[in-house]
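One structure below.
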There are 2 protein chains.
Amino acid sequence: MATEGKEPKPQRSQKRPSGAHFDPIQQVLWARPGFLVRRLNQIHYALFAEECKTYSMTPVQFGVLTALSLNPWLDQTAIGSELGLDRTTTADVLKRLEEKKLIERRINPADRRSRQSMITEEGYHAMKSLHESMMAAQQRLMAPLSARNQEIFLKLLSTLVDGNNEYSRAPTRAAL
Amino acid sequence: MATEGKEPKPQRSQKRPSGAHFDPIQQVLWARPGFLVRRLNQIHYALFAEECKTYSMTPVQFGVLTALSLNPWLDQTAIGSELGLDRTTTADVLKRLEEKKLIERRINPADRRSRQSMITEEGYHAMKSLHESMMAAQQRLMAPLSARNQEIFLKLLSTLVDGNNEYSRAPTRAAL
DNA sequence: TATTGTTATACTCTATAACTATA
DNA sequence: TATAGTTATAGAGTATAACAATA
């Protein structure tokens, strides 16, 4: 994978459908999965923003709302664990969602250390009305692949996230 | 891909190697490629930080140094284009690299609007001595997959980035 | 003592808008 | 007019550290 050295000369010929070829810098960078993953994440954020611009919402915020729609009154540790966010980030995201009145928070009556969140009527409505747009963003992201390859990609991607879960600073729900 | 509704009940049986199963929230989230891509990017940043902690450097900064090591005196538009960064971000990253003395900047004598960057001796040394660690981070990221599947994943990933390049706010070098 | 969440602080990446200088 | 870069401003994600409240 170390393609340093011996790069072909940069050729600026006529029309190329892609920027990945004939550029020594691109040849090196595009061989690094980490680089491509950053780019794909960046692209997904852009697609999501474009699709969901009626409400201003990020993928992470949508993910939190999704989690709360499936399980109300989760505490922040659990939310962070589901989404793969550390507790500082989780608190930040929840604060923004609360300011937008999309969630409510309360102290957990059973354990006064913890704060639980619930999606509001308004939050549920926002999530419902954005759901199609969110799916459209996902589909546009995967559109360059055939249906079969989309399946394969998703499978491999899951394996990678699952297999590396422990290495992230904010691993999602630990092995049960 | 819309797996909403009809989730199996959450089962908390004994030991599971993964958190992705038997949790309705995880089942929904992990079916969204955008979610997994964010997680994998996050994991890569953590792995990179862990491997490269001797110097404090991010994947993006390493990418810029890589580009400049292959082509000195690139201007900021070109650098942004190679890395997929908009011009504000590019200027930010370069400012930090300059403060760390890893690059130098000058006005382009041929076009006084543009500023060109060059990697310094120190920057080159940092890049060289981190190269192995960077590769280790890449390899750890891909480690859960077989060699064959790593190849397949990288191929599909390239196709996705390439096919969606135009949708990012900061597309890499446009089709030539 | 351990856990939950907070506040404070910091860095990085990303983006838009308005501006200057130059072409 | 168009382009390159800057400054200003903002939002978002990520992280560490110190702290209070609670278990």
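Keep in mind that the numbers below use all heavy atoms, side chains included, and drop hydrogens, waters and symmetry copies.
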With a 3.5 Å cut-off and no angle check, do the side chains of B:T89 and B:D86 form a donor-acceptor pair? yes
Salt bridge (Lys or Arg N to Asp or Glu O under 4.0 Å) filter on A:R112, not counting sequence neighbours, yields none
Interface residues of residues 54-62 of chain A with DNA chain D (non-hydrogen, below 4.0 angstrom): A:T58, A:V60, A:Q61
CG of A:L40 versus C1' of C:dT14: gap in Å, rounded? 16 Å
Who passes salt bridge (Lys or Arg N to Asp or Glu O under 4.0 Å) against B:R87, sequence neighbours left out? none
Would you be so kind as to tabulate the donor-acceptor pairs closer than 3.5 Å made by side chains of residues 97-105 of chain A, with sequence neighbours excluded?
residue: A:E98; atom: OE1; partner: A:R105; partner atom: NE; Å: 3.3
residue: A:E98; atom: OE1; partner: A:R105; partner atom: NH2; Å: 3.1
residue: A:K100; atom: NZ; partner: A:S56; partner atom: O; Å: 2.8
residue: A:K100; atom: NZ; partner: A:Q61; partner atom: OE1; Å: 2.8
residue: A:R105; atom: NH1; partner: A:Q76; partner atom: OE1; Å: 2.9

Among side-chain atoms of A:N165 and B:R39, is any donor-acceptor pair under 3.5 angstrom? yes
Among all residues two or more places apart in sequence or in another chain, which pass the side chain to side chain contact (heavy atoms under 4.5 Å, CB included) test with A:N149? A:L145, A:S146, A:I152, B:L156
Atom-pair distance (CG on B:L83; P on C:dT14), nearest Å: 9 Å
Rounded interatomic separation in angstrom, taking NZ from A:K53 and P from C:dT14: 21 Å
Holding to salt bridge (Lys or Arg N to Asp or Glu O under 4.0 Å), I want the full list of residues that pass it with B:R106, two or more places apart in sequence or in another chain. none
Compare side-chain N and O positions of A:Q42 against OP1 and OP2 of C:dC13 and report whether any pair is under 4.0 Å apart. no
Please give me every residue in residues 90-105 of chain B whose heavy atoms get under 4.0 Å of an atom in DNA chain C, ordered by residue number. B:V93, B:R96
Can you run down the salt bridge (charged side-chain N to carboxylate O under 4.0 Å, His left out) pairs that involve residues 135-150 of chain B, sequence neighbours left out, and say none if there aren't any? B:E50-B:R140, B:E51-B:R140, B:R148-B:E151
Which residues in residues 106-116 of chain B have a heavy atom closer than 4.0 Å to any atom of DNA chain D? B:R113, B:S114, B:R115
Interatomic distance where CG belongs to A:D86 and C1' belongs to C:dA10 [whole Å]: 13 Å
When clusters are formed from ILVMFWY side-chain contacts under 4.5 Å, directly or step by step, what else is grouped with B:M118? B:W73
Mind checking whether B:F62 and B:F48 have parallel, tilted or perpendicular rings, split at 30° and 60°? perpendicular
Once hydrogens and angles are ignored, does a donor-acceptor distance under 3.5 Å link the base of C:dT16 to the side chain of B:T88? yes
Tell me the interatomic distance from A:L85, atom CG, to C:dG5, atom P, rounded to whole angstroms. 13 Å
Rounding to an integer number of Å, can you tell me how far A:Y45 OH sits from D:dG13 P? 5 Å
Applied to residues 141-164 of chain B, the ring-ring contact (aromatic ring centres under 6.0 Å, His included) test, sequence neighbours excluded, yields A:F153-B:F153
Does a side-chain N or O from A:T77 land closer than 4.0 Å to OP1 or OP2 of C:dG5, or not? yes
Please determine whether a side-chain nitrogen or oxygen atom of B:R87 lies at a distance below 4.0 Å from atom OP1 or OP2 of D:dT7. no
Apply side-chain hydrogen bond (donor to acceptor under 3.5 Å, both in side chains) to B:Y124 and list each qualifying residue two or more places apart in sequence or on a separate chain. none
If I take atom CD1 in residue B:I43 and atom C1' in nucleotide D:dT14, what distance separates them, rounded to the nearest angstrom? 14 Å
Provide, to the nearest angstrom, the distance between the NE2 atom belonging to B:H44 and the C1' atom belonging to C:dT12. 15 Å
